[in-house]
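Quick notes on the structure that follows.
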Amino acid sequence: LSKIEIKKMKLQTSLASLNKFTKMMTSSFHSLAEERDIRLNFTEEEKDINIYFDVAKLHKIISNLLSNALKFTLAGGKVEIIVSTQLNKGRNRRMAEITVRDTGIGISADQLPHVFDRFYQVDSSDTRRFEGTGIGLALTKELVELHHGDIMVKSKKDMGTEFIVHLPLGKDHLTENEITDANVEVKQPIYDFEDSSPNLESESLKSQKVVSKIAPMILVVEDNQDMRQYIGESLYDVYNLIEAEDGEQGFNQAIKHLPDLIISDVMMPGMDGFELTKKLKEDIRTSHIPVILLTAKAGDESKIKGLETGADAYVNKPFNTKELLVRAKNLVKQREKLRGKFEKNITIDPSEVTVTSIDEDFLRMAVNIVEKHIDNNEFSVEQFSAEMLMSRNSLYRKLKKLINQSTSQFIRTIRLKRAAQLIKQKNAPIGEIAYMVGFEKPSYFTECFKKQFGVLPTEYGGD
């Protein structure tokens with residue numbers, strides 16, 4: 001808001017699919033909606049709406065609107081986001097339209113004119129438990145207007161609220177400096193609203209046993225209760241355990257808990273172990289999780305099929321519990337070693353610390369984005385997650401599981417690794433290198449560098 005006030009907030013638009021971007025943003029809120037027992041729907045009334053928009057700023061706009069909608073909607077309610085184009089009579093032109101509608105507690109008529117005011121909070125017994133800062137909607141309105149668009153709100157007490165954002169089509173409203181790229185590829189959303197409808201209501205299973213908060217977690221997916229218990233008995237002294245009765249429930253548990261390892265039977269009703277493994281390995285949220293498949297089927301053909309789906313190990317039934325324990329231990333340790341390798345090595349090579357190609361692509365994209373902004377000390381976690389096309393929470397969870405670093409730690413690690421390389425090359429003074437990699441204060445750079453590499457920058461790089 002301060003940057004907008006002093007005209008320092010610049011619009012940097014690229015041509016991209018509004019449909020895909022909005023669907024991707026909606027998908028990133030799906031876990032939160034499930035957690036709160038709220039139905040979250042995405043609808044596109046018109047296909048292929050391509051407009052010029054600033055990815056980071058539209059990310060903030062949609063995030064704020066969806067966050068508010070979910071915050072003020074009670075369990076059993078519904079939130080929907082609709083993308084279309086409509087004739088804006090006030091401007092006498094067709095514009096892209098994003099509608100965020102909820103069945104929440106609503107806003108009374110006398111409060112409605114003030115919802116976009118800074119630091120304004122609707123003050124009632126209904127809303128007090130949802131209290132925030134009162135700047136989210138004010139910022140949203142400013143960012144919409146920065147896009148040369150407009151936003152309006154409709155609401156009725158106890159009946160829900162509807163926010164409608166209009167954004168111009170074409171580019172005649174933009175200056176040359178407001179267009180940064182001809183085209184931006186928007187990835188497909190993580191959660192497909194059209195052909196997936198996970199049902200967590202049947203999820204009644206709890207962790208079988210919690211050894212400790214820091215012990216690795218294993219998810220056991222097996223439709224036979226006796227077999228689940230048998231597997232659990234061989235693991236529960238070392239690992240935290242959670243269970244699932246079939247592949248569908250197993251996938252939902254994996255998304256919710258992000259375990260360190262999954263042990264799954266192959267033969268299960270509905271989604272079998274092969275399908276589950278394929279789905280886990282193709283989903284960016286779970287692609288890093290190692291999978292052990294169990295089967296009573298003998299023969300190489302079945303084993304090869306399991307490995308082709310991305311399974312990390314294959315164990316035949318009946319199996320020796322010690323063998324299963326060793327396999328589990330080795331896979332968990334392997335992932336731990338890879339996570340530690342990323343922090344210690346000066347090189348920034350995603351292929352050295354990842355197992356699957358989807359994880360390598362993810363990490364390479366993350367590194368490239370930080371590198372692009374390496375000299376910008378204002379590059380934020382929010383901007384990073386926007387450019388990664390992920391919610392802050394999804395990006396944090398993925399990085400934590402993949403390399404055991406938070407999002408901010410990852411950004412700092414890339415800056416420090418690049419600084420170490422520059423110091424070795426001896427092309428610039430250390431104080432200048434600190435600024436080149438985005439550190440505002442050389443003293444803080446020195447402190448972080450020593451913590452990362454164990455020596456001061458002045459002591460680094462000597463032969």
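Numbers here simply count residues along the sequence, with the first being 1. Please read all numbers here as calculations on a predicted model, not as lab measurements.
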(request) Report the C-alpha distance between Leu137 and Leu65 in whole Å, list the side-chain angles of each, state the deciding distance to 0.1 Å, and finish with yes or no for side-chain contact (heavy atoms from CB on, under 4.5 Å). (result) CA-CA 8 Å; Leu137 289 176; Leu65 294 178; 4.0 Å; yes
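- Side-chain atoms of Asp272 do not come within 3.5 Å of backbone N or O of Val266 as any donor-acceptor pair.
- The shortest side-chain heavy-atom distance between Leu258 and Lys400 does not fall under the 4.5 Å cut-off.
- Judged purely by atom type and a 3.5 angstrom limit, Ser28 uses its side chain to pair as donor or acceptor with the backbone of Met25.
- Residues satisfying the side chain to side chain donor-acceptor pair (under 3.5 Å) test with Ser380, not counting sequence neighbours, are none.
- Residues Glu387 and Lys372 are paired through a salt bridge, judged by an N-O separation under 4.0 Å between the basic side chain and the carboxylate.
- When all heavy atoms of His59 and Ser385 are compared, the pair lying nearest together is CE1-OG, 4.1 Å.
- More than 12 heavy-atom neighbours from other residues, nucleotides or ligands sit within 6.0 angstrom of CZ on Phe379.
- Lys398 is listed as a side-chain neighbour of Asp359, based on a closest heavy-atom distance under 4.5 Å.
- Within the 4.5 Å cutoff, side-chain heavy atoms of Met388 are placed close to those of Phe384.
- Arg335 has its side chain out of reach of Asp260: every pair of non-hydrogen atoms, C-beta onward, lies at least 4.5 Å apart.
- Taking the side chain as every heavy atom from C-beta outward, Thr295 and Leu293 never approach each other to under 4.5 Å.
- Scored by the side chain to side chain contact (heavy atoms under 4.5 Å, CB included) test, Lys141 finds Phe116, Glu145, Ile151 as partners (sequence neighbours excluded).
- Using a cutoff of 4.0 Å between basic side-chain nitrogens and carboxylate oxygens, Lys279 and Glu275 are not scored as salt-bridged.
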(message) If you apply the rule side-chain contact (heavy atoms from CB on, under 4.5 Å), what do you find for Leu58 with Leu18, and how did you get there?
(response) CA-CA 10 Å; Leu58 189 59; Leu18 183 65; 3.8 Å; yes
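- By the 4.5 Å heavy-atom criterion applied to side chains, Leu11 and His148 are counted as neighbours.
- Residues meeting the salt bridge (Lys or Arg N to Asp or Glu O under 4.0 Å) test with Glu282, sequence neighbours left out: Lys278.
- The salt bridge (Lys or Arg N to Asp or Glu O under 4.0 Å) test applied to Glu336 returns no partner, not counting sequence neighbours.
- Side-chain contact check for Arg285 versus Arg397: every heavy-atom pair is 4.5 Å or farther apart.
- Side-chain N or O atoms of Arg415 include one that pairs as donor or acceptor with a backbone N or O of Val437 at under 3.5 Å.
- Listed here is the closest heavy atom pair of Leu219 and Pro259: CB-CG, 3.8 Å.
- For the atom pair OG1 of Thr43 and CG of Asn19, the computed distance is 11.5 Å after rounding to the nearest 0.5 Å.
- Counting all heavy atoms, side chain and backbone alike, Leu399 lies closest to Thr407 at CD1-CA, 3.9 Å.
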Donor-acceptor contacts under 3.5 Å from residues 93-103 side chains, at least two apart:
{"from": "Arg93", "atom 1": "NH2", "to": "Leu169", "atom 2": "O", "distance (Å)": "3.0"}
{"from": "Arg94", "atom 1": "NE", "to": "Thr85", "atom 2": "OG1", "distance (Å)": "3.2"}
{"from": "Arg94", "atom 1": "NH2", "to": "Thr85", "atom 2": "O", "distance (Å)": "3.3"}
{"from": "Glu97", "atom 1": "OE1", "to": "His166", "atom 2": "NE2", "distance (Å)": "2.7"}
{"from": "Arg101", "atom 1": "NE", "to": "Glu162", "atom 2": "OE1", "distance (Å)": "2.5"}
{"from": "Arg101", "atom 1": "NH1", "to": "Glu80", "atom 2": "OE2", "distance (Å)": "3.3"}
{"from": "Arg101", "atom 1": "NH2", "to": "Glu162", "atom 2": "OE1", "distance (Å)": "3.1"}
{"from": "Asp102", "atom 1": "OD1", "to": "Gly104", "atom 2": "N", "distance (Å)": "2.8"}
{"from": "Asp102", "atom 1": "OD1", "to": "Thr161", "atom 2": "N", "distance (Å)": "3.1"}
{"from": "Thr103", "atom 1": "OG1", "to": "Lys78", "atom 2": "N", "distance (Å)": "2.9"}
{"from": "Thr103", "atom 1": "OG1", "to": "Lys78", "atom 2": "O", "distance (Å)": "3.4"}

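- Contact record, Ile262 with Val221: CG2-CG2, 4.1 Å, taken as the closest heavy-atom pair.
- Partners of Ser264 according to the side chain to side chain donor-acceptor pair (under 3.5 Å) rule, which considers only residues two or more places apart in sequence or in another chain, do not exist here.
- Under the rule for a side chain to side chain donor-acceptor pair (under 3.5 Å), the partners of Ser408 that lie at least two apart in sequence or sit in another chain are Ser406.
- When the salt bridge (Lys or Arg N to Asp or Glu O under 4.0 Å) test is applied to Asp223, no partner is found at least two apart in sequence or on another chain.
- Judged by distance alone, with hydrogens and angles left aside, the side-chain atoms of Lys57 form no donor-acceptor pair with the main-chain N or O of Thr13 at under 3.5 Å.
- Interatomic distance, CD of Gln405 versus CZ of Arg339, reported as 11.5 Å (0.5 Å rounding).
- In this structure, OG1 in Thr26 is found 7.0 Å from CD1 in Ile62, a value given to the nearest 0.5 Å.
- Annotation: side chain to side chain contact (heavy atoms under 4.5 Å, CB included) contacts of Arg412 (sequence neighbours excluded): Gln409, Leu416, Phe439, Tyr444, Cys448.
- In this structure, the separation between OH on Tyr314 and CG on Asp312 is 14.0 Å, given to the nearest 0.5 Å.
- In this structure Ile358 satisfies the side chain to side chain contact (heavy atoms under 4.5 Å, CB included) test together with Ile284, Ser287, Thr356, sequence neighbours excluded.
- The closest donor-acceptor contact from the side chain of Gln253 to the backbone of Glu243 lies under 3.5 Å.
- Shortest non-hydrogen contact noted between Lys154 and Ile164 is CE-CD1, 4.0 Å.
- Here Met159 pairs with Lys156 under the side chain to side chain contact (heavy atoms under 4.5 Å, CB included) rule; sequence neighbours left out.
- Within the model, atoms CD1 of Ile289 and CG of Leu402 stand 11.0 Å from one another, a figure rounded to the nearest 0.5 Å.
- Distance CZ/Phe72 to OG/Ser67: 11.0 Å, rounded to 0.5 Å.
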(message) Apply side-chain contact (heavy atoms from CB on, under 4.5 Å) to residues Val55 and Leu389 and explain how you reach the verdict.
(response) CA-CA 9 Å; Val55 170; Leu389 302 177; 4.1 Å; yes
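- In terms of modelled atom types and a separation under 3.5 Å, the side chain of His30 and the main chain of Leu40 share no donor-acceptor contact.
- In this pair, Phe53 and Phe21 present their aromatic rings tilted. The plane angle is within the 30 to 60° band.
- Pro269 and Asp246 get closest at one heavy-atom pair: O-CB, 4.2 Å.
- Not a single side chain to side chain donor-acceptor pair (under 3.5 Å) links Glu45 to another residue, sequence neighbours left out.
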(request) Could you walk me through whether Glu34 and Lys256 pass the side-chain contact (heavy atoms from CB on, under 4.5 Å) test, one step at a time? (result) CA-CA 10 Å; Glu34 276 185 341; Lys256 183 177 180 180; over 6 Å; no
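- Side-chain contact between Phe29 and Val79 is absent, with no heavy atoms from C-beta onward closer than 4.5 Å.
- Judged by distance alone, the side chain of Ser108 and the main-chain N or O of Lys157 form no donor-acceptor pair under 3.5 Å.
- The existence of a salt bridge linking Glu44 and Lys23 is excluded, since no basic side-chain nitrogen approaches an acidic carboxylate oxygen closer than 4.0 Å.
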